[in-house]
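Note sheet for the following structure.
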Amino acid sequence: AARYHHRSSTLNSRKTPTQMLVDGAQPPLLSIALTLLLINSSPPPAFASVAPLADVGLREFLVKDSSQLLRLSLPSSMTKDAPINLEVDPGRQAQEAIELVRLRLEQVGFSGKKPVWIACLKEVNEANKIANSDTLLKSVVSKKELSKANALLEELKTDIDNLRDAVRNEDIKSTISSQAKAADTLYELRLLSMKPGLPFDLSSDAAGMPVLKGRAVVNAVVKHGNGGKEFTLDDGSKSDTLELTMVIDGYRAPVTGGNFVDLVNKKHYDGMVINSVDDLFVNAGSTNGYSENGKVRTIPLEIFYKKDTSPTYHYTSDDDLRATEGFANPFQSVGALGMVHDPEDNDTGSDQFFFLKWDQGLVAPGRNTLDGSSAEFGYVVKNQDALTQIKKGDVIVK
């Protein structure tokens, strides 16, 4: 049986805000049970109506898209003393500005809301100012990557021009697609600023374990074990197999991510049957763990707090009296990846992992069932919405 270690909470599902925007519908306001001291009777129209906890989003906005979470959690200016230093990180400044365009439109609305579009245009102009300065190329680490960086920068400028035109025209479909394109291009450029290795020293807890120094892309192919309907993919097409693209984040979970990628490279999961599915999780892995040399390999619980500059090990946030803090990669997105461990022993992670199925947009951020009690080590970034179609007995082909 699957072993889950989590605090109790209530989770609710919803249609994704981006899909609502593209469909032309207005996203519902976040319903979050908080005690608020209301200073004004209504919020400014260009800002979120209900602000999440300060450390689970961007400004007053809740971030709950897997790709956005990865782009914003890239530690491009992390030092041993500070998790982020915006003054020396123009790429991060531009990334925030571009991400805010989508967040404003999703969480405030757009139809007939001129102040929202004006606020979005200001964000686009800020990103454009940075892109047209010489600061983004200065951070590129390898001289060999300069030609690639120059090409990406020119592509980014074009993407931002397209985004500006869409915002000026108040064209929601074009704005959403142009925002996604610009955000991804900038992220690819920022990756070139990352030095080899990790921006922190690993503790002795990682000794002798596989370590992922950076990020890795893993593709998994799933098929139904006993026939059944075709999978409906995120683009609306049908397929006998479901290909899931995952980004494994060694910057935030070097040991957990390293353990997972090592098992993938060993083809440990090839042909493995999905052993448990419920309303929240798709669980995979063997019930006895991964054995090598006659011994089960286990890894310690690994948690990366948003305010920290390196992971902590062994202790849950409850154990560590840090349950109210935010996390670098939170469990607040469809397709979040988590490592399973015995609820009686935090350091028993091995090969069992889970995909989180539900969109947690309606759960008070920072108060869901998993943050701080399970290691989050990446996100599904392609076909994550199709996770709901996976059934017990389906097979991970490779």
Side-chain angles (χ1 to χ4, degrees), residues 1-9 11 13 66 218-226 228 231 241-249 253 256-257 259-264 266-291 296-303 316 329-360 363 368-398:
R3 301 167 293 169
Y4 300 117
H5 182 198
H6 54 77
R7 299 187 294 274
S8 62
S9 182
L11 301 180
S13 64
S66 58
V218 172
N219 292 311
V221 177
V222 179
K223 70 175 183 180
H224 289 307
N226 299 308
F231 291 102
T241 59
L242 172 61
E243 182 174 330
L244 301 170
T245 300
M246 299 170 273
V247 175
I248 311 303
D249 194 356
T256 312
N259 176 72
F260 181 78
V261 171
D262 181 62
L263 294 178
V264 169
K266 293 180 185 302
K267 303 186 182 302
H268 174 69
Y269 295 108
D270 291 10
M272 188 169 287
V273 175
I274 301 294
N275 54 32
S276 177
V277 175
D278 60 26
D279 289 339
L280 292 177
F281 306 103
V282 174
N283 189 84
S286 61
T287 56
N288 297 319
Y290 169 71
S291 296
V296 175
R297 185 173 82 188
T298 58
I299 58 174
L301 176 65
E302 186 173 45
I303 305 291
T316 67
N329 283 344
F331 286 101
Q332 59 188 46
S333 175
V334 176
L337 298 167
M339 184 61 62
V340 177
H341 64 81
D342 190 314
E344 302 301 322
D345 187 346
N346 297 336
D347 296 341
T348 53
S350 184
D351 69 338
Q352 277 202 67
F353 72 99
F354 61 84
F355 302 95
L356 185 62
K357 289 167 59 177
W358 279 21
D359 181 345
Q360 301 187 16
V363 179
N368 61 54
T369 61
L370 297 167
D371 284 328
S373 62
S374 295
E376 205 289 339
F377 63 94
Y379 297 95
V380 181
V381 296
K382 179 183 177 183
N383 289 324
Q384 61 267 44
D385 289 335
L387 286 170
T388 57
Q389 301 169 50
I390 296 178
K391 308 298 182 185
K392 181 178 179 180
D394 287 354
V395 179
I396 300 175
V397 179
K398 59 181 180 179

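Starting from 1, each residue takes its place in the sequence as its number. Bear in mind that the values here come from a model prediction, so they are computed numbers and not experimental data.
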Considering non-hydrogen atoms only, spot the tightest contact between Ala375 and Phe331 and give its length.
O-CZ, 3.8 Å
Separation of His341 NE2 from Thr316 OG1 (nearest 0.5 Å)
8.0 Å
Strictly distance-based, threshold 3.5 Å: is any side-chain N or O of Asp249 a donor or acceptor partner for the main-chain N or O of Gly257?
no
Trace of the side-chain contact (heavy atoms from CB on, under 4.5 Å) decision for Met246 with Phe355:
CA-CA 10 Å; Met246 299 170 273; Phe355 302 95; 3.8 Å; yes
Quick one: does Arg297's side chain get under 4.5 Å of Asn259's, heavy atoms only?
yes
If we ignore hydrogens and angles and just use 3.5 Å, is the side chain of Asp347 paired with the main-chain N or O of Ile299 as donor and acceptor?
no
Exercise: identify the closest heavy-atom pair between Ala284 and Ile396
CB-CD1, 3.9 Å
From Thr245 OG1 over to Lys382 NZ, what is the distance, rounded to the nearest 0.5 angstrom?
5.0 Å
Would you say the side-chain atoms of Glu243 and Asn383 include a donor-acceptor pair closer than 3.5 Å?
no
Under 3.5 Å, side chain of Gln352 to main-chain N/O of Val340, donor-acceptor pair present?
no
Between the OG1 atom in Thr348 and the CG atom in Asp342, the distance rounded to the nearest 0.5 Å is 4.5 Å
Leu387 versus Leu356, closest heavy-atom pair with distance
CD1-O, 4.0 Å
Geometric class of the Phe260/Tyr269 ring pair [parallel <30°, tilted 30-60°, perpendicular >60°]
tilted
Return the CZ to CG distance between Phe353 and Leu337, rounded to the nearest 0.5 Å.
7.0 Å
Audit row: Phe354, Leu370, side-chain contact (heavy atoms from CB on, under 4.5 Å) steps and yes/no
CA-CA 11 Å; Phe354 61 84; Leu370 297 167; 3.8 Å; yes
Heavy-atom nearest pair, Ile274 first then Val282, reads CG2-CG1, 3.8 Å
Rounded to the nearest 0.5 Å, what separation is found between the CD1 atom of Ile390 and the NZ atom of Lys357?
8.5 Å
Lys391: what forms a side-chain contact (heavy atoms from CB on, under 4.5 Å) with it, not counting sequence neighbours?
Asp394
Look at Lys266 together with Asp351 and state whether they make a salt bridge at an N to O cut-off of under 4.0 Å.
no
Taking all atoms of both residues into account, what is the closest heavy-atom pair of Gly289 and Ser350, and its distance?
CA-OG, 3.4 Å
Output for pair (Thr256 OG1, Leu301 CG), nearest 0.5 Å, gives 7.5 Å
Give the minimum heavy-atom separation between Ser291 and Val296, together with the two atoms involved.
OG-CG2, 3.5 Å
